[in-house]
Amino acid sequence: MNSQSNGSQDLFAGNDMTDYLAELNDRQSQAVLHSDGPLLIIAGAGSGKTRVLTYRIAQLLAAKKSWASEILALTFTNKAAREMRERIEHIIGPEANKLWMGTFHSIFTRILRMEAEHVGYKQDFSIYDSDDSDRVVKGVLQELRIDPREIKPKQIRFRISGAKNQMISAEEYAAKFVQSSLDDIAAQVFKIYNNRLKQSNAMDFDDLLIKPIELFETHPEILEKYQDRFKYIMIDEYQDTNRAQYIVTKMLASKRENICVVGDDAQSIYSFRGADISNILNFKEDYSNATQISLEQNYRSTQAILKCADAIIKQNKQQLEKTLWTENPKGNPITLLDNFNEREEAQRVAQHIRNVRMKEGYRFNEIAILYRTNYQSRVFEEALRRKDVPYQLVGGISFYQRKEVKDVIAYLRLLVNPTDEEAILRVINEPARGVGQKSLQTLVSLARQNDTTLWEVLQNPVMLTDVYKPAQARVREFISILDECRQELGGKSLVDTTRDILDKTGYVKQFIEENSQESLGRRENVMELLNAISYFERSRENASLSAFLQEVSLVSDVDNMEKDTPAVTLMTVHASKGLEFPVVFVVGMEEELFPMGGRNGEEADI
DNA sequence: ATGCACGCCCTTTTT
DNA sequence: GGGCGTGCAT
């Protein structure tokens, strides 16, 4: 691996700024030394982008341009944020913890928590992931008497999310964007969906980006507070910002224009979730005095690989011109493996892995298998198992998306935010306590009729009179368990409180009684969640339940990837972005699958 | 009315 | 390898 790679060697032995400037090439140090005014860094793949960003922050601090607490650095993944923070900590020490560095979602959640009341929320609002959103949509569809099997909740959610990303309100959507009956349904659902989230004191992922804009638009004095606080703003992966992210950062930067964006139009991979490549293409028009610096030297790949990538990217119609080059060796040619089907492919990849290990001495953790979609992993897992090759899966159904984990999390969410309707619906009959569909339906419609929260209905004995008698008692039991555990929050530890919930509800007991392979696994996952909570509690100063919940709702699986375990890594191409492996298999390179095409496969997407 | 077992469905990429 | 809906038993 090259010395400029993401490798683990300590690059920051010296504390003297000049020391590490010496490690940079001309363009890199130019970018690091630029301090005031808008700066656009076009950073090709493997061109040392992270190192430039970290050094730039260190440089701003060293030159006393600002305090750490006045720098805002936004990334897309927790991993990128953590990596940068660690590197900066090496240079400047614990002061690094004062940086406002994190994903868009986590930073703006932080701001929203502080300003919640100004956007009509309570501080401990819940965060709904896409699964929660789908379930809300589904509920709304049912209330509208639309069969969720004919109209898929996901389709509706995509439309709502797409609209939100582009800052189109439910009202505007209904007025302007209805072109099909599906749009029409989406428009109806959109409004109700928003109300329901609001009433549940919950935000979805998109809200975390939109609500700050609302906040700043309606409260100029609050906007100004943050404009003054953030003297320097840095945005990583700018090519992947969507409209909301573009607007909110522009608002924050407009006073000082000390905004530095780093990106590469050729590496835009998130258009499917609203990323708008024109944000980076138009940066120079947004800020007429912007400086542009292109990082074109690649430190990661061989010439052979670079040449191949370049030949493909050159065909993009819209792009910022640049040519990647490298001083690295020519390297092995790329090997093409023709296969009859996926089973043969997997089998031969597994064999190749054994070969490169035996003949060329690579270790398992230096090898990666990349595919387009998670479900492709299965056949490779099988093949690797058969050949006794250890592997680790990154992504797919992540730990925090498992049903049993989500259930326990839902219980915890209810301690913090009892009005979280999605959480109630999730666990009110989990484990089965005799509150079935029929009773639930009654309860929900009571809430709607009285324009109140489900929680309110559950608590109100008068309202419950219409509900099936046996269910009433069970509802009361459910409520009192939650109330009891909520009392504990201040006193007991989080793990103990969680254990109490599990005990009182019999959640784990059901798994023990079932005693099947499956329930055993589920039980283990719940135990692992307890471990995670306990670890969180031990490693944090102010380890509140709501802080834990926030963290788990904003982590992804790549964040937990183990770099040193002796295992081949399996993941999607998306998840691999920014990582390095000496040996890489890109599998399933089939028409329509890679790149993904099909009916709506537009040329721009390809 | 609820609970359970079964068969059906689907699987882009992520915060 | 999931969830989810259906249909049957309790």
Practice item. Please report, rounded to the nearest Å, how far the P atom of C:dC4 is from the CG atom of A:Leu141. Key: 14 Å
Check your understanding: OP1 or OP2 of B:dT2 sitting under 4.0 Å from any side-chain N/O of A:Ser439?
Key -> yes
Check your understanding: Expressed in angstrom and rounded to an integer, what is the separation of A:Tyr375 atom OH from C:dG1 atom C1'?
Key -> 14 Å
Review point. In whole angstrom, what separates A:Gln401's CD from C:dG2's C1'?
Key: 11 Å
Point to revise | Shortest side-chain distance from A:Arg522, nucleotide among B:dC4, C:dG3, B:dT14 | key: C:dG3
Study note, to complete from the structure: In whole angstroms, the gap separating C1' of C:dG2 from CD of A:Glu404 amounts to 11 Å
Practice item. Name the nucleic acid region contacted by A:Tyr270, choosing base, sugar-phosphate or nothing; use a 4.0 angstrom heavy-atom cut-off, strictly under. Key: sugar-phosphate
Revision key, fill the gap. Among the nucleotides B:dT15, C:dG3, B:dT13, whichever has the atom closest to the side chain of A:His574 is B:dT13
Check your understanding: Is the distance from OP1 or OP2 of C:dG3 to the nearest side-chain N or O of A:Arg426 less than 4.0 Å?
Key -> no
Practice item. Please determine if a side-chain N or O atom of A:Arg402 lies less than 4.0 Å away from the OP1 or OP2 oxygen of C:dG2. Key: yes
Practice item. Could you please name the option among B:dT15, B:dG3, C:dG3 that lies closest to any side-chain atom of A:Thr77? Key: B:dT15
**Study point:** A:Phe205, nearest nucleotide to its side chain (from B:dT13, B:dT15, C:dG3)
**Key:** B:dT15
Practice item. Nearest whole angstrom, please: distance from the C1' of C:dC4 to the NZ of A:Lys138. Key: 7 Å
Review point. For the rings on A:Phe511 and A:Tyr507, is their centre-to-centre separation under 6.0 Å?
Key: yes
Check your understanding: When you look at A:Gln550 and A:Arg110, which way does the side-chain hydrogen bond (donor to acceptor under 3.5 Å, both in side chains) test go after all the steps?
Key -> CA-CA 9 Å; A:Gln550 175 174 324; A:Arg110 194 169 152 192; over 6 Å; no
Check your understanding: Given C:dC4, B:dT15, B:dT12, which nucleotide is nearest the side-chain atoms of A:Arg135?
Key -> C:dC4
Review point. With sugar-phosphate meaning primed atoms plus P, OP1 and OP2, does A:Ser106 contact a base, only sugar-phosphate, or nothing at under 4.0 Å between heavy atoms?
Key: nothing
Check your understanding: Among B:dT12, C:dG1, B:dT15, which nucleotide sits nearest the side chain of A:Arg378?
Key -> C:dG1
Revision key, fill the gap. note: A:Lys211, atom NZ; B:dT15, atom C1'; distance rounded to Å ~ 17 Å
**Study point:** Salt bridge present between A:Lys152 and A:Asp134 (N-O < 4.0 angstrom)
**Key:** no
Check your understanding: Just to confirm, is there a sub-4.0 Å distance from OP1 or OP2 of B:dT2 to any side-chain nitrogen or oxygen of A:Asn429?
Key -> no
Practice item. Send over the distance from A:Phe158 CZ to B:dT13 C1', rounded to a whole Å. Key: 10 Å
Practice item. State the OG1-CG distance between A:Thr373 and A:Leu593, to the nearest 0.5 angstrom. Key: 6.0 Å
Exercise for review: Assign A:Arg474 to base, sugar-phosphate, or nothing according to its heavy-atom contacts below 4.0 angstrom with the strands shown.
Suggested key: nothing
Practice item. State whether a side-chain donor-acceptor pair under 3.5 Å links A:Ser126 with A:Asp420. Key: yes
Review point. Between A:Phe190 and A:Arg159, is there a cation-pi geometry (under 6.0 Å to ring centre, at most 45° from the normal)?
Key: no
Check your understanding: Counting just side-chain N and O atoms, does A:Thr572 come under 4.0 Å of either OP1 or OP2 of B:dT14?
Key -> yes
Review point. Separation of A:Gln155 atom CD from B:dC10 atom P, in whole Å?
Key: 12 Å
